[in-house]
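As structure tokens, the structure follows; a few thoughts come after it.
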Amino acid sequence: GWSFDPAPEGRAIYTTDGGSTWVLAQNPDSSRSLVRLQFVNGDTGYMVGAYNVTQPGIAPKRASYHSLPALQYANPIEFSRALLGISQDPAEEYRGFFLKTTDGGKSWFPKGTLPDSVFYLIGSSFLDMYLGFATGRATLNSGRACILKTTDGGDSWMRFAMPDSIFELPAISFRDSLLGVAVGYRSNLPPSVGLITRTTNGGVSWETRSFSEVNHFQDVQFVD
């Protein structure tokens, strides 16, 4: 079993006794936020988030969401983003993070190279040890969404172009190598509009449907 801490100083924990006790896992000190994880077997798992980019003599910046009550946020979306450590402050120095474990979550290490434009990875869906998809933030200031694909277990990633109108895609779910769905919302200002985007060709093209009666979607899963 495993769990994770999505605070700006991301840490992972694991259990070997069904949850009675938990142990701090080993992961890079630069971890800023560990947002979502998935295991493809008992030993191998992947985790996405962001890491702090440090400069000589400058300590990495930390978000201070924990000191602010929910009422101080403009809307529930901003509060949920704060809980994930997803700051919109352009002064923050961070980049997308992809981690792998091969010992059941006891230790995690960075894997592969992401495009420089990806500042956060937020959602992920792996079909096996090699084929996987992820969602993220593509630009620091606007927070525009992106979807990425890997066919070599995270060693390399290709990025799919998404409409600028899509602000964020917190979750993605692929049933097979062709059929996948991602969910999120348009605009970071109220009233936001929930959306579902779907591909039937492995991410080459996406069809998006908006739901004006829903502010935003946070998660999705299809079993068939």
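Please read all numbers here as calculations on a predicted model, not as lab measurements.
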Nearest atoms (heavy-atom pairs only) where [X] meets [Y]:
X      : Y      : answer
Ala134 : Trp157 : CB-CZ3, 3.9 Å
Leu127 : Ser177 : CD1-N, 3.5 Å
Ala138 : Arg159 : CB-NH2, 3.4 Å
Ala50  : Tyr120 : CB-CE2, 3.3 Å
Gly19  : Thr15  : N-OG1, 3.0 Å
Tyr185 : Leu195 : C-CD2, 3.6 Å

Say whether [X] and [Y] are linked into one hydrophobic cluster, either directly or through other cluster members, by side-chain heavy-atom distances under 4.5 angstrom.
X      : Y      : answer
Phe174 : Leu179 : no
Val183 : Val35  : no
Leu131 : Ile147 : yes
Leu114 : Tyr130 : yes

Other residues, nucleotides, ligands: >12 heavy atoms within 6.0 Å of [X] [atom1]:
X      : atom1 : value
Asp116 : CG    : no
Glu207 : CD    : no
Lys106 : NZ    : no
Phe222 : CZ    : no
Phe211 : CZ    : yes

Go through it in stages, so that I can follow the logic: the residues are Thr21 and Val23, the test is side-chain contact (heavy atoms from CB on, under 4.5 Å), and I'd like the CA-CA distance, side-chain angles, deciding distance and then a yes or no.
CA-CA 7 Å; Thr21 59; Val23 181; 5.5 Å; no
Is there a donor-acceptor contact under 3.5 Å from the side chain of [X] to the main chain of [Y]?
X      : Y      : answer
Ser192 : His216 : no
Ser31  : Tyr51  : no
Arg36  : Met47  : no
Tyr46  : Met129 : yes
Thr44  : Thr102 : no

Are Trp108 and Gln26 close enough, and set up right, to give a side-chain contact (heavy atoms from CB on, under 4.5 Å), and what steps lead you there?
CA-CA 6 Å; Trp108 297 83; Gln26 296 180 4; over 6 Å; no
Report the distance from atom [atom1] of [X] to atom [atom2] of [Y], rounding to the nearest 0.5 Å.
X      : Y      : atom1 : atom2 : answer
Asp176 : Asp224 : CG    : CG    : 11.0 Å
Ser107 : Lys100 : OG    : NZ    : 11.5 Å
Phe126 : Leu37  : CZ    : CG    : 12.0 Å
Leu148 : Ser117 : CG    : OG    : 8.0 Å
Ser20  : Trp22  : OG    : CH2   : 10.0 Å
Ile166 : Arg186 : CD1   : CZ    : 5.5 Å

Indicate yes or no: at least one non-hydrogen side-chain atom of [X] is less than 4.5 angstrom from one of [Y].
X      : Y      : value
Leu34  : Arg11  : no
Asp152 : Thr150 : yes
Arg198 : Trp206 : no
Glu168 : Arg137 : yes
Val48  : Phe98  : yes
Pro110 : Leu99  : yes

Where do Val220 and Ile196 land on the side-chain contact (heavy atoms from CB on, under 4.5 Å) test, with the steps shown first?
CA-CA 9 Å; Val220 61; Ile196 298 175; over 6 Å; no
Look at the rings of Phe133 and Phe160 and say which category their plane angle falls in: under 30° parallel, 30 to 60° tilted, over 60° perpendicular.
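Correct class here is parallel.
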